[in-house]
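Encoded as structure tokens, the structure appears first; notes follow it.
Each ligand, and each atom within it, is numbered from 1 in the order the structure gives. If you're wondering where the values come from, they're calculated on a predicted model, not measured in any experiment. Computed from heavy atoms alone, side chains included, the values below leave out hydrogens, waters and symmetry copies.
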Amino acid sequence: MLRCIYCDKKESEVTFNGREHVIPRLMGTFEVDLTLKNLVCDYCNSKIFSPLETRFKEDTEEGIYYQMFNLQNSCQIRIRANNVKTTFSSGLGDDFFNEMFPFFKQHDNNWRIFLLPQIKVKRYGDNGYFVFLIDELKKLNYKKFSKIKKLLKGVQSKDVSIFTGGNSDIDDGPLQEAIDLLKKLGIDYKEGKRKFLPIDKTSPRKQFEISMDCTVNKDAARVITKIAFNYFSLAAIQENRSDILFHPNFSKIKAYILGELDLPVNQVIIELGSEPIILEEKIYDHRFIGHTIVFYEMKGNLVSKISFLGKRIYTVLLGPISNEFKRDDFGCGHIFNPIDKTIHQLTQNPKKFGSDLPMSFGLYKRL
Ligand SMILES: [Zn+2]
């Protein structure tokens with residue numbers, strides 16, 4: 001008898017056709033299938049989590065941040081800008097360039113900011129905008145291109161800005177190409193002001209700055225908490241202990257994830273820090289570019305630590321756990337690399353470093 005780990009409804013009441021991604025696809029896809037099958041009902045999946053993840057992506061600091069990494073090579077970025085205002089300072093000396101959406105690309109084992117050729121359309125909701133990557137737009141097939149054309153129906157030229165590169169001020173080939181693309185999308189672009197980047201090779205450009213809030217909003221907290229519980233569920237299933245997922249101890253956190261219960265964010269994300277999760281990161285004083293997820297027992301509670309792309313670390317409180325799990329080896333930890341799509345097992349035992357432990361999930365993997 002199938003039963004939803006979130007809403008507790010059974011097969012007789014709800015359907016189970018979809019799959020729940022343990023880590024939202026916005027954060028990458030991996031070589032191993034990281035989905036929960038027959039555990040999250042279609043109602044929770046499509047009616048609750050799907051809109052939640054869209055709001056997370058388009059209107060939270062974290063979500064917008066992952067759009068900058070564009071791990072899925074999407075041709076479009078969507079920013080709602082109802083709750084979150086991001087400020088970009090390009091350091092290029094003109095407010096016009098601060099309107100550009102910055103992207104992170106991997107360079108020399110580090111993330112660097114790149115300004116990619118893009119078309120910005122200010123017509124998404126009340127305050128939001130779309131950013132289309134010109135190079136990705138060009139790759140679209142007819143069907144996908146038509147979908148975007150439909151989306152942009154009625155957009156006026158005044159709502160559109162084009163940012164392109166060129167070899168010199170007189171080379172407007174890339175700009176013409178963008179105008180042609182817009183024409184194909186049904187927008188008759190009439191050029192307003194044209195601005196050029198200052199070409200002064202003697203003075204180094206100021207750094208690109210992205211201003212981000214340090215607080216976590218409710219939607220972001222719900223998504224991060226859901227990832228923590230999904231990951232724990234994956235481990236419990238591997239151990240053939242899906243029964244514990246239905247324990248009343250987790251009722252509160254599930255109600256929070258479902259949006260049925262309001263809790264102050266700091267009661268769910270009990271710590272926001274930068275202290276590395278992995279011993280190797282501490283030893284080498286270098287954060288890994290990847291997502292790290294661990295869970296363990298702390299003072300009778302099930303706690304998860306999560307960090308995305310080597311950035312800040314969220315400590316999530318999932319709920320009390322019974323005595324049977326108070327064991328030294330209770331816990332599990334993995335690092336997910338969204339670039340090469342690999343997953344690696346984590347260990348806290350220095351003797352096991354570099355031993356390339358076989359990748360597996362379970363409840364007693366804290367070695
Ligand atoms: Zn459900």
Side-chain angles (χ1 to χ4, degrees), residues 1-30 32-60 62-63 66 80 216-265 267-269 291 293 295 301-304 306 308 314 316-322 325 332 334 336 361-363:
M1 172 70 102
L2 304 180
R3 194 170 158 198
C4 176
I5 56 168
Y6 284 105
C7 71
D8 209 25
K9 290 210 170 79
K10 295 175 189 71
E11 216 173 349
S12 50
E13 304 162 272
V14 286
T15 54
F16 288 84
N17 297 321
R19 290 173 176 199
E20 161 73 359
H21 287 79
V22 172
I23 298 174
R25 276 170 287 185
L26 172 68
M27 298 176 186
T29 47
F30 304 92
V32 173
D33 178 14
L34 280 181
T35 54
L36 299 174
K37 286 169 267 300
N38 295 328
L39 284 168
V40 179
C41 79
D42 295 334
Y43 185 85
C44 286
N45 206 336
S46 62
K47 295 281 189 275
I48 301 174
F49 296 157
S50 182
L52 169 68
E53 283 174 27
T54 301
R55 287 200 307 278
F56 170 74
K57 177 178 171 178
E58 300 174 359
D59 213 7
T60 71
E62 286 83 358
Y66 302 126
R80 269 282 173 198
V216 183
N217 86 3
K218 194 185 164 188
D219 285 338
R222 283 175 62 196
V223 170
I224 292 162
T225 309
K226 178 164 78 77
I227 295 170
F229 195 74
N230 279 349
Y231 177 74
F232 175 66
S233 304
L234 198 65
I237 292 151
Q238 290 297 317
E239 207 75 48
N240 275 323
R241 287 299 310 268
S242 58
D243 61 298
I244 58 165
L245 303 174
F246 299 97
H247 196 283
N249 281 351
F250 302 124
S251 303
K252 194 170 146 188
I253 205 69
K254 288 183 202 174
Y256 178 76
I257 295 169
L258 287 172
E260 292 167 352
L261 175 72
D262 207 3
L263 292 170
V265 168
Q267 280 186 24
V268 181
I269 304 213
H291 312 316
I293 311 180
F295 69 79
N301 284 305
L302 176 65
V303 170
S304 175
I306 300 191
F308 303 109
Y314 306 90
V316 187
L317 181 66
L318 291 172
I321 44 166
S322 55
F325 300 110
C332 193
H334 288 88
F336 303 85
F361 298 92
L363 293 175

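Relative orientation of the Phe250 and His247 rings is perpendicular, given thresholds of 30° and 60° on the angle between their planes.
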(request) Please assess Tyr43 against Thr15 for the test side-chain contact (heavy atoms from CB on, under 4.5 Å), listing each intermediate value before the final yes or no. (result) CA-CA 8 Å; Tyr43 185 85; Thr15 54; over 6 Å; no
(message) Test side-chain hydrogen bond (donor to acceptor under 3.5 Å, both in side chains) on Asn217 and Thr60; report intermediate values, then the result.
(response) CA-CA 7 Å; Asn217 86 3; Thr60 71; 5.2 Å; no
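Of the inter-residue distances, the one linking Leu34 atom CG with Ile23 atom CD1 reads 5.5 Å to the nearest 0.5 angstrom.
Around the NZ atom of Lys37, the shell of radius 6.0 Å holds more than 12 heavy atoms that belong to other residues, nucleotides or ligands.
A salt bridge is defined here as a Lys NZ or Arg NE, NH1 or NH2 lying under 4.0 Å from an Asp or Glu carboxylate O, and Asp33 with Arg19 meets this definition.
Only protein N, O or S atoms were considered, and those under 2.8 Å from the Zn ion (ligand 1) are Cys4 SG, Cys7 SG, Cys41 SG, Cys44 SG.
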